[in-house]
Participant: 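One structure coming up, written as structure tokens, with questions to follow.
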Amino acid sequence: MDITKMTLGALVEAMDKGEISSVEATKATLEKAEKEKDLGAYVTLCGEKALEAAAAADKARGEGRRGALLGVPIAVKDNICTEGVRTTCASRFLENYVPPYDAFVVKKLKSAGAVIVGKTNMDEFAMGSGSEYSAFYPVKNAVDPSRVAGGSSGGSAVAVASYQAYASLGSDTGGSIRQPAAFNGVVGLKPTYSAVSRNGLIAFASSLDQIGPFARTVGDCRTVYDAIKGHDAGDSTSYAGDLDKGEKITSLKGRRIGVAKEFFPPELNGEVRAAVEKALAFYEKEGAEIVETSIGSFDMALACYYILSSAEASSNLSRYDGVKYGRRAEGCAGIDDIYYKSRTEFFGSEVKRRIMLGNFVLSSGYYDAFYLRASKARTLIKRDFETALSGCDALVCPTAPTTAYKRGSNADDPAAAYLGDIFTVPVNIAGLPALSVKCGEDKDGMPVGMQLIGSPYCEETLLSLAEAYEKGGAI
Ligand code: GLN
């Protein structure tokens, strides 16, 4: 039996019964990662450290300890700090950066006894939708390697889809968990903004960034989310209130699922539309009511996102100057030269594009026309979602307007890649939780993702609705 193909839940059960050890599962996972190296899912594998952690987990289990993640091999996106393990953000600038501390979520995973097997590849500084902008090598799709993995957390999605980890962590600023989850046919959850600490997540756009889990089943996704959520005094935006406002749904009868008319635009790919509509028909058949609603400000969201996220990125990334942070270029004459050469050499072109865009929208004369207007649009988008969600348990739409496309096909057209974020970015702007679960395939066998969007801190509502779908109504 190939133990890497077990679900996380089944692995823990087998470890509890003493049928499999964490060392065995970790070794098998590391071997699989070596075998699937060509997919480019990992930047760094933590072989030795992982085996040590696995042995410690086995020992603890032998002494009677139990836990939902004890001894489970898990991958972590390479923009989440890991003490003593290189954390690159898939950027040349941080190529040699070894953090002196663990991110809050990594501390949480470690204290739950999880085994960190490696750091996953991504778009440089999490800017992108294909994981083609890694400064090292692209991530390839787990279902069809000639296609993009999705991004920016492409490595985290592919690691899970190709059995190189039982679950993983990614980060989502405008879709970077949900879209690669959809493209590889796995489950990805972007939690409510502030539900999971950003302490130790290398910032892209701080008002939008959120860490969340990938897994092969909804149940496994819940297990990892439960382990990483929670208040952290080290993140000033971390929520100290009740994180469990959701409901464990046990019957779909009478449940209300909202579909905004903006969610199915005429230009939407027909196969994606058909797959999501079929999933909606399932909910209806099981007794849920499909409620037509509207998010009037939906068409503002994409522009609003690319203004706000780039503005924040230009500020966050100004620290990489070759002096205080990041590598320094060789042969510099004076401070200006250090800035100029280091940034020229070590930032990739997409990151430079965002920094320029961000500086532009924040510059005097343009601030009011762009940044300020986008901030106002943000308030409208938030309000529209609140209204739409007030009468529903969740909203449902496609996760992405297409399935995974061929690698290299958006290379000359960044705007085309931005358009692919149309269904995911509004959720980050509104700070809401959302989950992507596979709901079908196109004629080439590429997975289609359905996105469920919920009210703040109602992750459980989304998880149980998705679980009902995954299990075909048997809840
Ligand atoms: N694709 C979006 C972007 O390029 C989202 C990225 C993300 O969520 N980190 O900004």
Side-chain angles (χ1 to χ4, degrees), residues 76-80 89-91 120-135 138-139 148-157 168-183 188-191 193 196 198 201-214 301-317 347-358 361 374 398-402 404-405 410-411 413-436 449 451 453:
V76 174
K77 188 175 180 181
D78 212 20
N79 60 350
I80 300 175
C89 269
S91 171
T120 55
N121 201 1
M122 54 187 279
D123 285 302
E124 182 181 354
F125 282 106
M127 297 170 190
S129 308
S131 296
E132 294 184 283
Y133 299 145
S134 163
V139 187
V148 296
S152 66
S153 313
S156 294
S168 62
L169 297 188
S171 68
D172 190 314
T173 306
S176 277
I177 292 176
R178 291 158 285 157
Q179 185 257 28
F183 278 13
L189 171 69
K190 182 206 94 73
Y193 183 77
V196 176
R198 288 178 298 110
L201 170 68
I202 297 178
F204 162 11
S206 311
S207 78
L208 303 161
D209 296 342
Q210 201 45 200
I211 294 172
F214 287 92
L302 202 60
C304 174
Y305 169 81
Y306 276 94
I307 291 169
L308 296 177
S309 66
S310 302
E312 292 186 31
S314 69
S315 162
N316 274 327
L317 269 62
F347 278 139
S349 51
E350 181 61 25
V351 175
K352 285 178 183 156
R353 188 177 293 124
R354 306 287 178 111
I355 293 172
M356 285 191 280
L357 201 59
V361 300
T399 306
T402 65
Y405 41 88
N410 273 343
D413 190 359
Y418 298 172
L419 277 174
D421 298 334
I422 179 166
F423 296 122
T424 47
V425 298
V427 175
N428 299 70
I429 291 172
L432 301 171
L435 175 151
S436 180
Q451 179 174 224
I453 306 168

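Keep in mind it's a predicted model, so treat the numbers as computed, not measured. Whatever order the structure lists them in is the order used to number ligands and atoms, beginning at 1. Position 1 is the first residue of the sequence, and the numbers go up from there.
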Participant: Tell me whether Ser131 contacts the main-chain N or O of Gly154 through its side chain, where contact means a donor paired with an acceptor under 3.5 Å.
Facilitator: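 Checked: pair present.
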Participant: Could you tell me if Ser156 and Lys77 have a donor-acceptor pair between their side chains, going purely by distance under 3.5 Å?
Facilitator: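 Ser156 and Lys77 do not have a side-chain donor-acceptor pair below 3.5 Å.
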Participant: Keeping Asp209 on the side-chain end and Thr173 on the backbone end, is there a donor-acceptor pair under 3.5 Å?
Facilitator: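 No.
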Participant: Taking the six-membered ring for Trp, are Phe204 and Tyr305 parallel (under 30°), tilted (30 to 60°) or perpendicular (over 60°)?
Facilitator: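 Perpendicular: the ring planes of Phe204 and Tyr305 meet at over 60°.
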Participant: Are the side chain of Asp172 and the backbone N or O of Gly212 linked by a donor-acceptor pair below 3.5 Å?
Facilitator: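 Judged by distance alone, no pair lies under 3.5 Å.
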Participant: Taking only heavy atoms of Tyr306 into account, list the atoms of ligand 1 that are under 4.0 Å away from them.
Facilitator: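 Per the distance check, 1 (N), 2 (C), 3 (C), 4 (O), 10 (O).
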Participant: Which ligand 1 atoms, with their elements, are less than 4.0 angstrom from a heavy-atom of Ser152?
Facilitator: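 In order of number, 9 (N).
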Participant: Against ligand 1, does Arg354 come closer than 4.0 Å with any heavy atom?
Facilitator: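 Yes, Arg354 has a heavy atom closer than 4.0 Å to ligand 1.
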Participant: If we count only N and O atoms by modelled type, under 3.5 Å, do the side chains of Thr120 and Asp78 hold a donor and an acceptor together?
Facilitator: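 Result is no, nothing qualifies.
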Participant: Per the side-chain hydrogen bond (donor to acceptor under 3.5 Å, both in side chains) rule, which among Gln210, Lys190, Arg178 passes with Asn428?
Facilitator: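 With Asn428 as partner, Gln210, Lys190, Arg178 yield a single side-chain hydrogen bond (donor to acceptor under 3.5 Å, both in side chains), made by Arg178.
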Participant: Under 4.0 Å from a heavy atom of Phe204: give me the atoms of ligand 1 that qualify, with their elements.
Facilitator: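 Those of ligand 1 that fall under 4.0 Å from Phe204 are 9 (N), 10 (O).
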Participant: Would you check the N or O atoms of Thr173, main chain and side chain alike, for any that come under 3.5 Å of an N or O of ligand 1?
Facilitator: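 There is such a contact, yes.
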Participant: Going by distance only, is there an N or O of Ala126 that falls short of 3.5 Å from an N or O of ligand 1?
Facilitator: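 Yes - when backbone and side-chain N and O of Ala126 are compared with those of ligand 1, one distance drops under 3.5 Å.
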Participant: Using the side chain to side chain donor-acceptor pair (under 3.5 Å) rule, take Glu124 and Ser134 through it: C-alpha gap first, then chi angles, then the decisive distance, then the call.
Facilitator: CA-CA 5 Å; Glu124 182 181 354; Ser134 163; over 6 Å; no
Participant: Asp172 versus ligand 1: do any nitrogen or oxygen atoms come within less than 3.5 Å of each other?
Facilitator: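 No, since none of the N or O atoms of Asp172 sits under 3.5 Å from an N or O of ligand 1.
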Participant: Under a 3.5 Å cutoff, is there a donor and acceptor pairing between the side chains of Ser207 and Glu312?
Facilitator: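 Yes.
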Participant: By number and element, which atoms of ligand 1 are closer than 4.0 Å to a non-hydrogen atom of Ser129?
Facilitator: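 What qualifies from ligand 1 is 1 (N).
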Participant: Report the C-alpha separation of Ser206 and Asn316 in whole Å, then their side-chain angles, then the decisive distance to 0.1 Å, and conclude whether the side chain to side chain donor-acceptor pair (under 3.5 Å) test is met.
Facilitator: CA-CA 8 Å; Ser206 311; Asn316 274 327; 3.1 Å; yes
Participant: Just go through Ser309, Gly174, Pro414 and tell me whose heavy atom is the nearest to atom 8 (O) of ligand 1.
Facilitator: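 Result: the heavy atom closest to atom 8 (O) of ligand 1 is in Gly174.
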Participant: In the protein, what heavy atom is nearest to atom 5 (C) of ligand 1, and what distance, to one decimal place, separates them?
Facilitator: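 Among all protein heavy atoms, the one nearest atom 5 (C) of ligand 1 is Tyr305 OH, 3.3 Å.
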Participant: Which protein heavy atom lies closest to atom 2 (C) of ligand 1, and at what distance to 0.1 Å?
Facilitator: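 Of the protein heavy atoms, Asp421 OD2, 3.2 Å lies nearest.
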Participant: Side chain or backbone of Gln210 under 4.0 Å from ligand 1, or both, or neither, by non-hydrogen atoms?
Facilitator: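 Gln210 to ligand 1: no contact under 4.0 Å from either part.
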Participant: Using distance alone, decide if ligand 1 has a nitrogen or oxygen within less than 3.5 Å of any nitrogen or oxygen in Ser176.
Facilitator: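 Yes, since at least one N or O of Ser176 sits under 3.5 Å from an N or O of ligand 1.
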Participant: For ligand 1, is there an N or O atom under 3.5 Å from any N or O atom of Gly128?
Facilitator: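 Yes - when backbone and side-chain N and O of Gly128 are compared with those of ligand 1, one distance drops under 3.5 Å.
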Participant: Heavy-atom contacts with Gly175 under 4.0 Å: which atoms of ligand 1 show up? List them by number with element.
Facilitator: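 So the answer, numbered in order with elements, is 8 (O).
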